[in-house]
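The chains referred to below are lettered A, B, ... by the order of the sequence lines, with proteins before strands, and numbering in each begins at 1. The figures here come from the full heavy-atom set of this structure, side chains too, leaving out hydrogens, waters and symmetry mates.
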2 protein chains.
Amino acid sequence: MPQHQPPARPRDSEASKARLLKAATDEFAARGIAGARVDRIGAAAEVNKALIYTYFGNKEQLFDAVMDAHVARVLDEVPFTPEDLPGYAGRLFDFLLANPHQLRLATWHRLERSGTDHEPQGLGTSMRQKTAAITQAQTAGLLTTTFTPEDLLVFTLALANAWMPTSPMATNDQAAEQTRQHRAAVVEAVRRLVAGIPTTQAS
Amino acid sequence: MPQHQPPARPRDSEASKARLLKAATDEFAARGIAGARVDRIGAAAEVNKALIYTYFGNKEQLFDAVMDAHVARVLDEVPFTPEDLPGYAGRLFDFLLANPHQLRLATWHRLERSGTDHEPQGLGTSMRQKTAAITQAQTAGLLTTTFTPEDLLVFTLALANAWMPTSPMATNDQAAEQTRQHRAAVVEAVRRLVAGIPTTQAS
DNA sequence: GTGTGTCAAATAAACAGTTAGTTGCACTAC
DNA sequence: GTAGTGCAACTAACTGTTTATTTGACACAC
């Protein structure tokens with residue numbers, strides 16, 4: 001006859017799901033899908049392992065849920081401005097710096113989950129919207145036509161990521177100053193990418 | 001009483017090591033350290049699993065050996081030209097395209113092995129040499145001083161990677177044409193980064 | 001025979017996923 | 001109010017499999 005602990009917490013499936021997502025985010029960001037341990041996620045969330053399967057299905061689907069949430073957050077919190085790509089790069093830089101899990105999760109996804117059918121919700125749509133917006137800005141003469149919209153988007157994202165640490169950094173004054181300089185360099189780099197619309201080169 | 005096969009292959013530990021490295025490269029590139037299976041590597045190399053431990057120690061050390069070999073290959077095959085960073089980016093692009101495992105291996109390393117003490121042999125030295133060479137080119141007036149040497153190196157590498165597929169691509173004519181255009185865009189992007197020294201262009 | 005390369009088999013731990021059952025709680029009937 | 005009911009939230013223990021790593025014996029070259 002199994003003994004049960006008195007429940008310290010009131011029953012609340014939504015709160016449990018939220019705690020699971022948080023714990024899963026940490027675990028997946030640190031170790032990826034193959035390296036993540038379902039037991040550890042359950043323990044960290046203080047939730048019984050079996051609930052992971054009732055709420056999310058399996059390990060992969062839990063990862064997908066984590067990805068969906070995080071993709072939604074970037075898209076929501078970093079507004080896209082096709083006529084100001086340097087500014088966009090700067091804001092993306094800031095966001096990734098403030099949310100160190102994001103880049104690692106995205107990278108794990110590329111390595112472990114690309115080639116499967118599942119793509120984070122809203123990502124494809126958002127990419128299409130962004131390239132369309134760039135095309136429009138180019139047509140309006142607000143943006144260089146030296147590059148295709150896809151090139152501009154891909155390069156801007158690449159440059160915003162370029163200086164991002166994959167493992168968490170120290171947070172002293174010297175590091176903060178370095179970070180500020182890296183940010184400035186990224187913005188300047190994108191400025192140079194998009195520079196030279198008006199007169200110098202005719203299209 | 002164990003049955004033994006007649007030895008189909010002559011004994012050659014060097015050849016076995018080489019086959020193991022090849023098989024390990026494929027396995028690690030596809031699945032990373034946590035996802036890799038020692039059994040699969042042994043089977044693919046047609047080498048008994050136990051030899052992996054004799055020759056390389058354990059799974060992680062085998063991965064490190066794979067990384068060392070691949071880092072050495074990039075450094076060897078892609079000459080660095082600080083006064084012609086666009087050309088370097090182009091050559092790196094070509095190399096990564098011809099060696100699709102490289103980028104994935106490097107990415108797995110960043111995710112799963114950074115923060116440990118092991119760094120691929122020669123990588124730190126090579127980075128230091130490259131930034132020093134950039135500094136020299138800047139002092140000689142051959143290269144923009146808008147960016148620090150570190151910025152220039154990091155951005156060039158980021159742009160060369162930007163269009164690289166993480167999963168293997170189809171190889172039809174249309175894709176080849178797209179690849180050519182991507183390469184040109186990458187080179188042009190780096191050109192814009194380094195542009196704007198006093199005279200128009202030095203040869 | 002000695003040493004080195006090779007192998008099948010063994011081992012012990014770790015793993016994702018399941019099951020059968022318990023508990024808290026809102027609601028209803030009285 | 002309180003006894004009864006249904007159900008969702010939760011749990012401990014377990015299952016069968018997979019895993020990295022080790023072992024001890026075999027075979028061939030010298």
Side-chain angles (χ1 to χ4, degrees), chain A residues 1-28 30-66 108 112-113 116 118, chain B residues 1-28 30-66 108 112-113 116 118:
Chain A
M1 193 183 270
Q3 304 237 348
H4 285 244
Q5 311 293 340
R9 252 180 288 107
R11 297 179 163 214
D12 183 342
S13 66
E14 288 309 311
S16 296
K17 278 186 208 178
R19 254 178 301 124
L20 275 176
L21 274 178
K22 169 82 177 68
T25 296
D26 294 342
E27 178 77 4
F28 283 130
R31 314 194 191 233
I33 301 176
R37 295 296 164 248
V38 175
D39 287 328
R40 257 198 305 257
I41 293 172
E46 297 179 279
V47 159
N48 190 281
K49 192 170 45 144
L51 286 185
I52 292 173
Y53 294 90
T54 51
Y55 292 153
F56 295 99
N58 59 29
K59 192 162 77 156
E60 283 204 339
Q61 287 174 265
L62 176 58
F63 179 81
D64 290 341
V66 168
W108 288 116
E112 300 195 279
R113 209 97 219 319
T116 66
H118 184 273
Chain B
M1 190 184 272
Q3 305 235 349
H4 284 247
Q5 311 293 340
R9 250 195 321 271
R11 302 182 156 216
D12 185 342
S13 66
E14 288 310 310
S16 297
K17 278 187 208 178
R19 255 178 299 125
L20 275 176
L21 274 178
K22 169 80 177 70
T25 297
D26 294 342
E27 178 76 4
F28 282 131
R31 315 194 190 231
I33 301 177
R37 295 295 165 248
V38 176
D39 286 329
R40 260 197 303 256
I41 293 173
E46 295 179 279
V47 157
N48 191 278
K49 201 174 27 157
L51 284 188
I52 292 173
Y53 296 90
T54 316
Y55 293 151
F56 296 99
N58 60 28
K59 191 162 77 155
E60 283 204 340
Q61 288 173 265
L62 176 58
F63 179 81
D64 290 342
V66 168
W108 288 116
E112 300 194 280
R113 206 88 177 88
T116 65
H118 184 272

Q) Of all of residues 20-27 of chain A, which get a heavy atom below 4.0 angstrom from DNA chain C, listed by number? A) none

Q. Taking A:Lys22 for the side chain and A:Ala45 for the main chain, is one N or O donor matched with an acceptor at less than 3.5 Å?
A. no

Q. For the side chain of A:Glu27 and the backbone of A:Ile41, is there at least one donor-acceptor N/O pair under 3.5 Å apart?
A. no

Q | Check: D:dT21 base within 3.5 Å donor-acceptor of B:Lys59 side chain | A | no

Q: Please confirm whether any donor atom in the side chain of A:Arg11 sits under 3.5 Å from an acceptor in the base of C:dT23, or the reverse.
A: yes

**Q.** Pair A:Glu60-A:His118, side-chain contact (heavy atoms from CB on, under 4.5 Å): steps then yes or no
**A.** CA-CA 10 Å; A:Glu60 283 204 339; A:His118 184 273; over 6 Å; no

Q. Among the nucleotides D:dT22, C:dT6, C:dG17, which one has an atom lying closest to any side-chain atom of B:Tyr55?
A. C:dT6

Q | Selected nucleotide, minimal atom distance to B:Asn48 side chain, candidates C:dC7, D:dA20, D:dT11 | A |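 Nearest listed nucleotide: C:dC7.
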
Could you tell me whether the phosphate oxygens of [N], OP1 or OP2, come under 4.0 Å of any side-chain nitrogen or oxygen in [X]?
{"X": "A:Arg37", "N": "C:dC15", "result": "yes"}
{"X": "A:Ser13", "N": "D:dA9", "result": "yes"}
{"X": "A:Ser16", "N": "D:dC10", "result": "yes"}

What integer distance in Å separates [X]:[atom1] from [N]:[atom2]?
{"X": "A:Gln61", "N": "C:dA16", "atom1": "CD", "atom2": "P", "value": "15 Å"}
{"X": "A:Phe56", "N": "D:dA9", "atom1": "CZ", "atom2": "P", "value": "13 Å"}
{"X": "A:Asn58", "N": "C:dT18", "atom1": "CG", "atom2": "C1'", "value": "13 Å"}
{"X": "B:Asp39", "N": "D:dT18", "atom1": "CG", "atom2": "P", "value": "11 Å"}
{"X": "A:Ile33", "N": "C:dG17", "atom1": "CD1", "atom2": "P", "value": "12 Å"}
{"X": "B:Lys49", "N": "C:dT11", "atom1": "NZ", "atom2": "C1'", "value": "11 Å"}
{"X": "B:Arg31", "N": "D:dT19", "atom1": "CZ", "atom2": "C1'", "value": "14 Å"}
{"X": "B:Leu62", "N": "D:dA20", "atom1": "CG", "atom2": "C1'", "value": "13 Å"}

Let me confirm one number: the [atom1]-[atom2] distance from [X] to [Y], rounded to the nearest 0.5 Å.
{"X": "B:Asn58", "Y": "B:Ile52", "atom1": "CG", "atom2": "CD1", "result": "10.5 Å"}
{"X": "A:Glu14", "Y": "A:Tyr55", "atom1": "CD", "atom2": "OH", "result": "8.0 Å"}
{"X": "B:Lys17", "Y": "B:Leu20", "atom1": "NZ", "atom2": "CG", "result": "10.0 Å"}

Q: Select base, sugar-phosphate, or nothing to describe what B:Leu51 touches, counting heavy atoms under 4.0 Å on all strands.
A: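 Counting heavy atoms under 4.0 Å across all strands, the contact made by B:Leu51 includes a base.
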
Q. If you take all heavy atoms of B:Trp108 and A:Trp108, which pair is closest and at what distance?
A.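 Heavy atoms only, the tightest pair is CZ3-CZ3, 3.6 Å.
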
Q) Which residue, A:Ala50 or A:Ala36, contacts DNA chain C at a nucleotide closer to its 5' end, judged by nearest heavy atom? A) A:Ala36

